[in-house]
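Here is the structure we will look at, set down as structure tokens.
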Amino acid sequence: MISKIWLSAPHLGTSEEQYVKQAFTDNWIAPVGPQLSEFESAIDVYLNASSFSTALSSGTAAIHLALKLLDVTIGDEVICQSFTFCATANPITYLGAIPVFIDSEPGTWNMCPVVLEAAIKDRIQQNKKPKAIIFVDLYGMPAKIEALLKVASAYDIPVIEDAAEALGSTYKKRKCGTFGQFSIFSFNGNKIITTSGGGALVSRTKALQERTLFYATQAKEPAAHYEHQHIGFNYRLSNVCAAIGKGQMEVLETRIAQRQANHRFYQEFFSGSKDISVFTSPDQKYQSNYWLSCILINSSASFSPTALIDHLAKHSIEARLLWKPLHLQPVFKTNAYYGGSVCEDLFNRGVCLPSGSNLTPSDRLRIAEVLSEFLKRK
């Protein structure tokens, strides 16, 4: 039977098993342990900025805690990028707050700064000044960060950077995950590195990191007994999972290079196509890790994204549509949306192609042959 080529499979190095075995040998199976603090330190060293990371159970949990630390509460409005996975917006609702969705701009596919400012002005006119802004570095592509932060600063609104997919990407040579009051990462199984499941909240100060840890470990007050003055959460990453992350951080640069090589492969393959363009950094300011390599199919093409995906699937090659914009999701159908149809058009024409760092030369050859077969028929 032919082996399946996955969209983005986990890719372990040589140290992860050793670190997990060490956790078992030393009986650090409880939630905390040395691997946990070492994993967090490795993230902070890599980011090389004023970064204080707290490893958590998921990137979703990280967004939830960031909002909590910004005092977002019932009835508040939080501006959110529409073109993203639901985990960016769902935590807003956990706190009883209301997502307000913003369209993308076509260069980076991320939140449009112009639309953002228009939305803020309109919400303020309605006496609904947003409590926070969440922008995303989608598919590893840095957003127009400088412009977004300038708008946020002008209206004194704090920013959360959802860099779940962008560990290793840079904007103006500064690492994604170091912008805004808070940043978050995901270490889910399909991300550029993984802890099986997990994430991190990156704070700008040690005091905020300590507050994050307080809420992530059930908000226990310093007392001889269990004393609680606040509602806390069980969000701490397991020490065993952190052991995997510690090993993954050792191969991060290699994984970035491998994902970027996949992107170059697709660029070369589609270079002569009149129907398909590869999603690429607008200029040198934006250095993507190319977590996923994505393409857009021209509206004039004789085939659809689903036809291409179905053809690949028949040959055991996984591909997927781009994220469906959140303002088009039934669960958010009554939420405010600002912008035009940029993200809707991207959803209608885009495909994510296999991008795992463990793609082999033979995998790429097989992908190229299957794609060539499909395109020749069209």
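Count residues from 1 along the sequence.
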Parallel under 30°, tilted from 30 to 60°, perpendicular over 60°: which one fits the rings of [X] and [Y]?
{"X": "F214", "Y": "H230", "answer": "perpendicular"}
{"X": "H311", "Y": "F374", "answer": "tilted"}
{"X": "F265", "Y": "F269", "answer": "tilted"}

Flag yes if more than 12 heavy atoms outside [X] fall under 6.0 Å of its [atom1] atom; otherwise flag no.
{"X": "I231", "atom1": "CD1", "value": "no"}
{"X": "K4", "atom1": "NZ", "value": "yes"}
{"X": "L365", "atom1": "CG", "value": "yes"}

Checklist line | Residue pairs passing the ring pair (Phe, Tyr, Trp, His ring centres under 6.0 Å) test where at least one lies in residues 104-127, sequence neighbours excluded | finding: W109-F279
Indicate, with yes or no, if the rings of [X] and [Y] have centres closer together than 6.0 Å.
{"X": "Y171", "Y": "Y286", "result": "yes"}
{"X": "F101", "Y": "H327", "result": "no"}
{"X": "W323", "Y": "F85", "result": "yes"}
{"X": "Y337", "Y": "F332", "result": "no"}

Straight-line distance of [X] [atom1] to [Y] [atom2], nearest 0.5 Å:
{"X": "S357", "Y": "Q260", "atom1": "OG", "atom2": "CD", "value": "12.0 Å"}
{"X": "L375", "Y": "K274", "atom1": "CG", "atom2": "NZ", "value": "9.0 Å"}
{"X": "F187", "Y": "S196", "atom1": "CZ", "atom2": "OG", "value": "13.0 Å"}
{"X": "I184", "Y": "S203", "atom1": "CD1", "atom2": "OG", "value": "12.5 Å"}
{"X": "R204", "Y": "F182", "atom1": "CZ", "atom2": "CZ", "value": "8.5 Å"}
{"X": "L328", "Y": "F83", "atom1": "CG", "atom2": "CZ", "value": "10.5 Å"}

Next item on the list: Begin from the C-alpha positions of Y338 and R123 and carry the test side chain to side chain donor-acceptor pair (under 3.5 Å) through to its verdict.
Entry: CA-CA 11 Å; Y338 290 85; R123 302 320 286 178; 2.9 Å; yes
Next item on the list: Considering only NZ, NE, NH1 and NH2 on the basic side and carboxylate oxygens on the acidic side, decide whether E165 and R259 come within less than 4.0 Å.
Entry: no
Margin query: Looking at D345 and R349, is there a salt bridge between them, counting it only when a charged N and a carboxylate O are closer than 4.0 Å?
Written below: yes
Next item on the list: State, to 0.1 Å, how close P305 and G350 come at their nearest heavy-atom pair, and which atoms those are.
Entry: CB-O, 4.0 Å
Notebook entry, point to check: R174 and N48: side chain to side chain donor-acceptor pair (under 3.5 Å), yes or no, with the steps?
Noted result: CA-CA 9 Å; R174 177 174 165 182; N48 191 29; over 6 Å; no
Looking at [X] and [Y], would you say the former's side chain and the latter's main chain have a donor-acceptor pair under 3.5 Å?
{"X": "N335", "Y": "P99", "value": "yes"}
{"X": "T178", "Y": "C176", "value": "no"}
{"X": "E17", "Y": "T14", "value": "no"}

Side chains of [X] and [Y] only: does a donor on one sit below 3.5 Å from an acceptor on the other?
{"X": "Q267", "Y": "R264", "value": "no"}
{"X": "T54", "Y": "Y235", "value": "no"}
{"X": "S183", "Y": "E161", "value": "yes"}
{"X": "Q248", "Y": "E16", "value": "yes"}
{"X": "Q81", "Y": "N110", "value": "yes"}
{"X": "S15", "Y": "E250", "value": "yes"}
{"X": "T360", "Y": "S362", "value": "yes"}

Next item on the list: Apply the test side chain to side chain contact (heavy atoms under 4.5 Å, CB included) to residues I192 and I256: give CA-CA distance (whole Å), side-chain angles for both, the deciding distance (0.1 Å), then the verdict.
Entry: CA-CA 7 Å; I192 195 159; I256 295 167; 3.7 Å; yes
Next item on the list: Please lay out, stage by stage, how E373 and H315 fare under the test side chain to side chain contact (heavy atoms under 4.5 Å, CB included).
Entry: CA-CA 11 Å; E373 178 189 358; H315 294 80; 3.6 Å; yes
Next item on the list: Report the residues that fulfil side chain to side chain donor-acceptor pair (under 3.5 Å) with T84, sequence neighbours left out, ordered by chain and then residue number.
Entry: T88
Check: If you draw the axis of the six-membered ring of Y19, does the NZ or CZ of K246 fall within 45° of it and under 6.0 Å from the ring centre?
Finding: yes
Could you state whether [X] and [Y] fall into the same hydrophobic cluster, counting links through intermediate Ile, Leu, Val, Met, Phe, Trp or Tyr residues with side-chain heavy atoms under 4.5 angstrom apart?
{"X": "L201", "Y": "L167", "result": "no"}
{"X": "L326", "Y": "M111", "result": "no"}
{"X": "F179", "Y": "I102", "result": "yes"}
{"X": "V240", "Y": "M249", "result": "no"}
{"X": "V151", "Y": "L149", "result": "yes"}

Contacts of type side-chain contact (heavy atoms from CB on, under 4.5 Å), residue [X], not counting sequence neighbours:
{"X": "A223", "answer": "H225, E227"}
{"X": "E268", "answer": "none"}
{"X": "C241", "answer": "T195, L237, S238"}

Check: Can you check side chain to side chain contact (heavy atoms under 4.5 Å, CB included) on K220 and Y226, steps first, answer last?
Finding: CA-CA 6 Å; K220 294 176 285 190; Y226 287 112; 3.6 Å; yes
Check: So W28 and Q22, side chain to side chain contact (heavy atoms under 4.5 Å, CB included) or not? Walk me through it.
Finding: CA-CA 8 Å; W28 284 111; Q22 191 65 49; over 6 Å; no
Notebook entry, point to check: Would E146 and K172 count as a salt bridge (charged side-chain N to carboxylate O under 4.0 Å, His left out) if you check the C-alpha gap in whole Å, the side-chain angles of each, and the deciding distance to 0.1 Å?
Noted result: CA-CA 9 Å; E146 186 175 27; K172 291 188 172 182; 2.5 Å; yes
Item checked: With S51, the side chain to side chain contact (heavy atoms under 4.5 Å, CB included) member among V202, V45, I43 -> V202
Notebook entry, point to check: Pick from K129, K131, K68: which one makes a salt bridge (Lys or Arg N to Asp or Glu O under 4.0 Å) with D76?
Noted result: K131
Margin query: Which residues pass the salt bridge (Lys or Arg N to Asp or Glu O under 4.0 Å) test with K175, not counting sequence neighbours?
Written below: none
Next item on the list: Applying side chain to side chain donor-acceptor pair (under 3.5 Å), run through Q258 and N262 and close with a yes or a no.
Entry: CA-CA 6 Å; Q258 290 164 323; N262 290 335; over 6 Å; no
Note to self: As a quick check of understanding, evaluate side chain to side chain donor-acceptor pair (under 3.5 Å) for Q209 and K206, giving each step before the final call.
What the structure shows: CA-CA 5 Å; Q209 181 192 44; K206 183 68 175 176; 2.9 Å; yes
